[in-house]
There are 2 protein chains.
Amino acid sequence: MVKNCNFIEKLRGLGLRPTKQRVKMCEVLFNREKTFHFTINDLVKMISEEMNEKISLATVYNTVHAFEKKGYLKEITINSDKSYFDTNTSVHHHFYDEDTHELIDCDENDIDPVNIKKNITGKKINSVEVLVKVASDNQNQKKLN
Amino acid sequence: MVKNCNFIEKLRGLGLRPTKQRVKMCEVLFNREKTFHFTINDLVKMISEEMNEKISLATVYNTVHAFEKKGYLKEITINSDKSYFDTNTSVHHHFYDEDTHELIDCDENDIDPVNIKKNITGKKINSVEVLVKVASDNQNQKKLN
DNA sequence: AATCTACATTATAACAATTCTAAACTGTTG
DNA sequence: CAACAGTTTAGAATTGTTATAATGTAGATT
Ligand SMILES: [Mn+2]
Ligand SMILES: [Mn+2]
Ligand SMILES: [Zn+2]
Ligand SMILES: [Zn+2]
């Protein structure tokens, strides 16, 4: 799903009919080098800009959830106002820029493995994810006060 | 705010009038040994059970936000469906039980300090929080398949 | 104690994100 | 080319949250 433009076959392979809406969404979502983090609204905006025909909001929700269910998108919880999604479906860490509300993926070199020393009886660990919140280091602005 | 029942003085000290709604909410929220994680709905339910008079939903929202602003509650983002709040306002890590949807605080002994090796130019780190998702270790259930 | 006023509570409306519904449409199979 | 299951769609419904504006009240002022 990460390679080039034959999303039609890829969708079929997932048991999803390759409608033009889905193919367009694949292009927007998966035809890129880097991880993409987005909200439904971001996505609707991008699609309507790139497309001459309009795509229904319901379809965007439907398709995002279909891709999520198939394991090609992952929901990321940053803030309870709205859902974020991520084309990087692995367990991974994030930086979150509180000024720009931008998410940045970490790779293995960015954060050392997290050492969990507690275990909860009868429970196994499914994921360990770190969220690092950053904001502008406003030394300059402080001087203004 | 964590001690006993003279919340009236404590509220006044914060510049908040000690109305009976606020005092009741203090009792529910802060009269406990351990950290308390809750949603607005949890709280409304608990209050209406403990109280003979009813309290307005708007007041619960107002008061939770007032306490948050004063630094006695912290919003925790677990899931984008609804907001969670935490009586532990420090930067700290959580275990999240995906079966019971329960949050458990970590203390310093539970997780080693997280070593962040990346820095983003012009940005400073405001917080580093780990979310460990756990679920029942269902070896037994697997045998049933 | 009565009055005053800024702050609080309340019911309800408004709102935004998301999900549901049911009718119209379309990709696929035979 | 049917026929059918899966898909899209507009709009309604639902949910969590915030705004509004009328009423109530804590605490100060007289
Ligand atoms: Mn928030
Ligand atoms: Mn969710
Ligand atoms: Zn990511
Ligand atoms: Zn906590």
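Naming convention: chains lettered A, B, ... in sequence-line order (proteins, then strands); numbering from 1 in each chain. Bear in mind that the values here come from a model prediction, so they are computed numbers and not experimental data.
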Where the side chain of [X] is concerned, which of [options] is the nearest nucleotide?
X     : options                : answer
B:S56 : C:dT10, D:dG16, C:dC20 : C:dT10
B:R22 : D:dT8, D:dG16, C:dA8   : C:dA8
A:K82 : D:dT17, C:dT9, C:dA17  : C:dA17
B:N62 : C:dT10, D:dG11, D:dT17 : C:dT10

Do any side-chain nitrogens or oxygens of [X] fall under 4.0 Å of OP1 or OP2 in [N]?
X     : N      : result
A:Y61 : C:dT19 : no
A:S83 : C:dT18 : yes
A:Q21 : C:dT26 : no
A:H65 : C:dT19 : yes

Which part of the nucleic acid, if any, lies within contact of [X], taking any heavy atom under 4.0 Å across all strands shown: a base, the sugar-phosphate backbone alone, or nothing?
X     : value
B:K20 : nothing
B:T19 : sugar-phosphate
A:I55 : sugar-phosphate

Would you mind checking if [Y] and [X] are paired as a salt bridge, meaning a charged N to carboxylate O distance below 4.0 Å?
X     : Y      : result
B:K24 : B:E50  : yes
A:E75 : A:K82  : no
B:D97 : B:K133 : no
B:K54 : B:E49  : no

request  = Please report the closest heavy-atom contact between B:A135 and A:N126, naming both atoms and the distance.
outcome  = CB-ND2, 3.3 Å
Starting at [atom1] of [X] and ending at [atom2] of [N], how long is that distance when rounded to a whole Å?
X     : N      : atom1 : atom2 : answer
B:I47 : C:dT9  : CD1   : P     : 11 Å
B:E53 : C:dT9  : CD    : C1'   : 12 Å
B:Y84 : D:dG16 : OH    : C1'   : 13 Å
A:F67 : D:dT7  : CZ    : C1'   : 13 Å
B:E9  : D:dA26 : CD    : P     : 15 Å
A:L14 : D:dG6  : CG    : P     : 16 Å
B:K54 : D:dG24 : NZ    : P     : 17 Å
A:M51 : D:dT8  : CE    : P     : 10 Å

Which atoms of nucleotides 28-30 of chain C (N or O only) lie under 3.5 Å from a protein N or O atom, and what are those distances?
residue: C:dT28; atom: OP1; partner: A:R12; partner atom: NE; Å: 2.7
residue: C:dT28; atom: OP1; partner: A:R12; partner atom: NH2; Å: 3.3
residue: C:dT28; atom: OP2; partner: A:R12; partner atom: NH2; Å: 3.3

inquiry  = Quick one about B:N62 and B:T59 (side-chain donor to acceptor, distance below 3.5 Å, no hydrogens or angles considered), yes or no?
reply    = no
request  = Inspect the surroundings of NZ in A:K117 and state if more than 12 heavy atoms from other residues, nucleotides or ligands are less than 6.0 Å away.
outcome  = yes
request  = Assert yes or no for the condition that the ring centre distance of B:F36 to B:F85 is strictly below 6.0 Å.
outcome  = no
